[in-house]
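Hydrogens, waters and symmetry mates are skipped; everything else that's a heavy atom, side chains included, is used. Owing to the predicted nature of the structure, the values given are computational and were not obtained by experimental measurement.
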Amino acid sequence: MKIHPPEETSEKFGRLAFAYCKIATVSLLLGRFALPVAAVLSAGFFVAGWFRGKKDTRCALRSPLLAAGLWGVVLAVWLGCEFAPRVMPSWLGWLHR
């Protein structure tokens with residue numbers, strides 16, 4: 001039986017961040033209210049992992065801070081569509097109903 005060394009905290013946060021990144025991507029395509037929660041969690045875990053030494057990610061953007069920034073922008077657009085729909089461009093109507 002193999003004994004695995006304890007996992008570093010940064011690796012745990014990196015794994016959680018990637019999981020929530022996948023959830024946020026699916027929610028972007030399919031869900032309305034799951035998206036802001038998943039985007040906040042994804043961005044938060046990417047930043048937490050980065051502060052604890054995780055400088056890369058399996059996410060397509062490769063950088064935890066870039067991925068966190070992307071999900072921050074997605075959250076900002078979602079909040080704008082939800083609370084200030086007249087300010088948002090009309091073409092975003094297909095994304096957020």
I'd like to know if the side chain of K55 reaches the main chain of W50, judged simply by a donor and an acceptor atom lying under 3.5 Å from each other, with no hydrogens or angles considered.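 Between the backbone of W50 and the side chain of K55 there is a qualifying donor-acceptor contact (under 3.5 Å).
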Applying side-chain hydrogen bond (donor to acceptor under 3.5 Å, both in side chains), can you list everything that pairs with R15, at least two apart in sequence or on another chain?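 In terms of side-chain hydrogen bond (donor to acceptor under 3.5 Å, both in side chains), with neighbours along the sequence ignored, R15 is linked to E7.
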Which value, rounded to the nearest 0.5 Å, describes the distance between [X] atom [atom1] and [Y] atom [atom2]?
X: L79; Y: E82; atom1: CG; atom2: CD; answer: 8.0 Å
X: F46; Y: L41; atom1: CZ; atom2: CG; answer: 11.5 Å
X: L70; Y: S63; atom1: CG; atom2: OG; answer: 11.5 Å

Determine the interplanar angle of the F45 and F13 rings, folded into 0 to 90°, and report it as parallel if under 30°, tilted if 30 to 60°, perpendicular if over 60°.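 Ring orientation, 0 to 90° scale: tilted.
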Could you give the side-chain donor-acceptor pairs of residues 19-31 under 3.5 Å, partners two or more places apart or in another chain?
unit_1 : atom_1 : unit_2 : atom_2 : d
T25    : OG1    : C21    : O      : 2.9
S27    : OG     : I23    : O      : 3.0

Identify, with sequence neighbours excluded, every residue that meets salt bridge (charged side-chain N to carboxylate O under 4.0 Å, His left out) alongside E11.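 Salt bridge (charged side-chain N to carboxylate O under 4.0 Å, His left out) list for E11, sorted by chain: K54.
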Do you know which two heavy atoms are closest between R52 and T9, and how far apart they sit?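 For R52 versus T9, the nearest heavy atoms are CD-CG2, 3.7 Å.
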Cluster check [X], [Y]: I/L/V/M/F/W/Y, side chain < 4.5 angstrom:
X: V77; Y: W91; answer: yes
X: L61; Y: V74; answer: yes
X: L66; Y: V47; answer: no
X: V40; Y: F83; answer: yes

Considering only residues two or more places apart or on different chains, which pairs with a residue in residues 35-51 satisfy salt bridge (charged side-chain N to carboxylate O under 4.0 Å, His left out)?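 Sorted pair list comes back empty.
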